[in-house]
2 protein chains.
Amino acid sequence: MARVRLYSSLPLEAAHHVLSEALSRRAMVVALCRCRVQYEGRGSSRLGEGERLLIVKPDGVVLVHRPRGHQPVNWQPESRSIEVRLGGGSLLLRSVRERPREVLEVYIDSVEALVVAEDVRDEAEFIEYLDEHEVRDILARHPEELEEGLRVLRVEKPVGQGYVDIFCVDREGRPVIVEVKRVTAGREAVLQLKRYVDAVKSENPGVEVRGILAAPSIAKEALILLRSLGLEYRRIDPAKLYKRYRSELRRRGGGSSARSLLSFLGGG
Amino acid sequence: MARVRLYSSLPLEAAHHVLSEALSRRAMVVALCRCRVQYEGRGSSRLGEGERLLIVKPDGVVLVHRPRGHQPVNWQPESRSIEVRLGGGSLLLRSVRERPREVLEVYIDSVEALVVAEDVRDEAEFIEYLDEHEVRDILARHPEELEEGLRVLRVEKPVGQGYVDIFCVDREGRPVIVEVKRVTAGREAVLQLKRYVDAVKSENPGVEVRGILAAPSIAKEALILLRSLGLEYRRIDPAKLYKRYRSELRRRGGGSSARSLLSFLGGG
DNA sequence: GGATTGATCTCGTAC
DNA sequence: GTACGAGGTCAATCC
């Protein structure tokens with residue numbers, strides 16, 4: 001269990017002391033504080049005074065969250081060093097990262113709440129279902145879901161500078177490129193497929209090459225583009241495919257996890 | 001100033017009470033807790049027991065952060081409803097979102113620390129410098145940075161289904177499409193430019209149309225592709241452009257903010 | 001609403 | 001390290 005200390009309305013001098021020690025021990029720090037923020041690196045930004053949530057993780061990640069919005073207003077994905085320093089009436093937390101060099105500076109003007117947690121334990125596995133990888137593997141095993149007579153030759157086949165999701169031949173022996181999307185396909189997906197089809201064509205001059213975009217839906221304009229390029233669209237239902245073939249899937253998490261998802265999907 | 005309450009090692013019954021009231025008052029909640037997480041929506045995920053930081057913002061954003069990594073392991077960008085309920089030996093926080101329908105469930109097994117903050121005030125403006133928008137505007141005012149004799153006709157010109165960053169004519173009267181990137185350009189940027197050039201060509205049959213990709217650098221393979229497509233690359237330095245022309249920029253934040261950035265860039 | 005694009009995108013992975 | 005593509009991408013903007 002994590003060892004936790006809480007402080008409220010901490011004077012800056014005391015906060016400096018607590019933060020210094022917490023950071024040296026690689027503790028997790030959460031502070032609700034008035035602060036200003038400067039960032040300099042790939043971009044630049046300034047944020048005036050206000051109350052925010054400042055988070056420092058044991059691995060050097062720094063996050064500054066405003067009271068609204070999903071994303072942090074400022075952050076540091078990793079830090080080479082995190083330092084705290086008193087000066088000019090505020091407590092400066094300075095995080096520096098190299099490659100690319102980026103400096104995040106949080107000028108803390110007051111600390112309303114401070115939580116320091118050492119030894120935060122979290123070893124559990126995170127399991128994601130139904131990502132594109134998984135949908136692609138199901139379709140590679142069951143190409144009949146796309147078209148009868150389709151034979152799979154390669155999965156993740158390198159073509160040109162990219163990778164074809166599934167490389168097949170149809171019942172008439174024509175090469176078929178399948179591009180899989182687990183969300184609505186847009187124009188980029190169509191152009192991606194087109195690129196692969198063109199690459200295979202150029203490697204096999206004179207051969208007719210088909211391209212199939214497999215997605216749960218497709219944007220209207222993307223469909224028009226797809227048809228004008230002589231490509232094809234097949235609607236798929238990732239959740240249904242999952243329910244139908246889950247037993248064949250080899251997951252990192254094992255079969256019991258797969259069953260727990262199935263119960264959510266309402267299947268038998 | 002925000003009104004803050006802190007709790008440590010809170011029994012689940014007490015945590016239930018505190019959380020219920022906090023959520024009804026739209027307070028900001030930060031909890032360090034043992035929990036399990038389930039997510040069901042556009043995708044699906046499961047996370048076993050471990051210690052995490054649970055954040056609920058006044059606007060209904062929910063974040064679950066593990067002790068490592070920049071990104072939340074689970075989240076809800078907005079919630080239609082957030083409910084807490086005791087049952088089965090744990091405290092369930094359930095966030096539901098519509099369009100798309102997504103359900104995030106955090107099963108809290110113990111609460112090590114809990115921070116509730118009401119009226120977290122943060123009205124400050126967030127100012128970003130040197131985003132693509134800004135670099136594009138500078139180049140639109142100073143096309144000579146790309147090529148002598150270039151004349152700008154349109155900025156953000158709709159072409160086909162997309163938008164051309166800068167639409168010019170060169171000294172010989174040929175249309176020039178400029179695509180601006182503030183980071184290393186990859187193959188996608190080249191293809192994006194190609195699309196616009198083709199669209200303009202198709203609208204002006206028989207007219208030679210040039211395409212210039214302006215970026216601080218370009219991936220090796222992207223450069224090969226660009227040349228094979230008959231397009232051009234111009235290196236730009238966003239920071240230098242900024243220093244050279246910042247005085248002309250009309251910013252939301254006004255001139256003083258611009259000056260504060262300049263001091264960082266080391267300019268006069 | 002849908003569609004398009006940028007992002008300090010982040011993150012994984014293959015070469 | 002570079003390059004490439006996925007993402008529960010998010011968020012802004014234009015239509």
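- Legend: residues meeting salt bridge (Lys or Arg N to Asp or Glu O under 4.0 Å) with B/Arg42, ordered by chain and number and at least two apart, are B/Glu102.
- Rounded to whole Å, the distance from CG on B/Leu193 to C1' on C/dG6 is 17 Å.
- Comparing atom distances between the B/Glu102 side chain and each of C/dA7, C/dT10, D/dG8 picks out D/dG8 as nearest.
- Comparing the P positions of C/dT8 and C/dT4 gives an interatomic distance of 23 Å, to the nearest angstrom.
- Residue contacts for B/Gln192: at a heavy-atom cut-off of 4.0 Å it reaches the sugar-phosphate backbone alone, with no base atom in range.
- When the P atom of D/dG5 is taken as reference, atom CG of A/Asp165 falls 10 Å away, rounded to whole Å.
- For B/Trp75, no side-chain nitrogen or oxygen approaches OP1 or OP2 of D/dT9 to under 4.0 Å.
- Taking the 5.5 Å centre cut-off and the 30° plane limit, the aromatic side chain of A/Tyr163 is not classed as stacked on D/dC4.
- Applying the ring-ring contact (aromatic ring centres under 6.0 Å, His included) test to B/His142 and every residue at least two apart in sequence or in another chain returns B/Tyr245.
- For D/dG7, its base never sits under 3.5 Å from the side chain of A/Glu132 at any donor and acceptor pair.
- The side chain of B/Ala219 approaches D/dA3 more closely than any other nucleotide in the set D/dA3, D/dG1, D/dA11.
- The distance between atom CD of B/Glu128 and atom C1' of D/dC10, rounded to the nearest whole Å, is 13 Å.
- Checking D/dG8, C/dT10, C/dT8 against every side-chain atom of B/Arg182, the shortest atom distance belongs to C/dT8.
- Between A/Lys181 and D/dA6 there is a side-chain polar atom (N or O) within less than 4.0 angstrom of OP1 or OP2.
- Among the heavy atoms of the strands, none lies under 4.0 Å from A/Glu78.
- Counting non-hydrogen atoms under 4.0 angstrom, A/Gly41 reaches nothing in the nucleic acid.
- Using a 4.0 Å cut-off, no side-chain N or O of B/Arg42 falls inside it from OP1 or OP2 of D/dG7.
- Looking at B/Asp131, its side chain has no donor and acceptor atom pair within 3.5 Å of the base of C/dT8.
- Listed nucleotides D/dA6, D/dC4, C/dT8 differ in distance to A/Glu179; the shortest reach to its side chain belongs to D/dA6.
- Counting only distance, with no hydrogens or angles, the side chain of A/Tyr242 and the backbone of A/Glu134 share no donor-acceptor pair below 3.5 Å.
- Distances shorter than 4.0 Å separate none of the side-chain N or O atoms of B/Lys220 from OP1 or OP2 on D/dA3.
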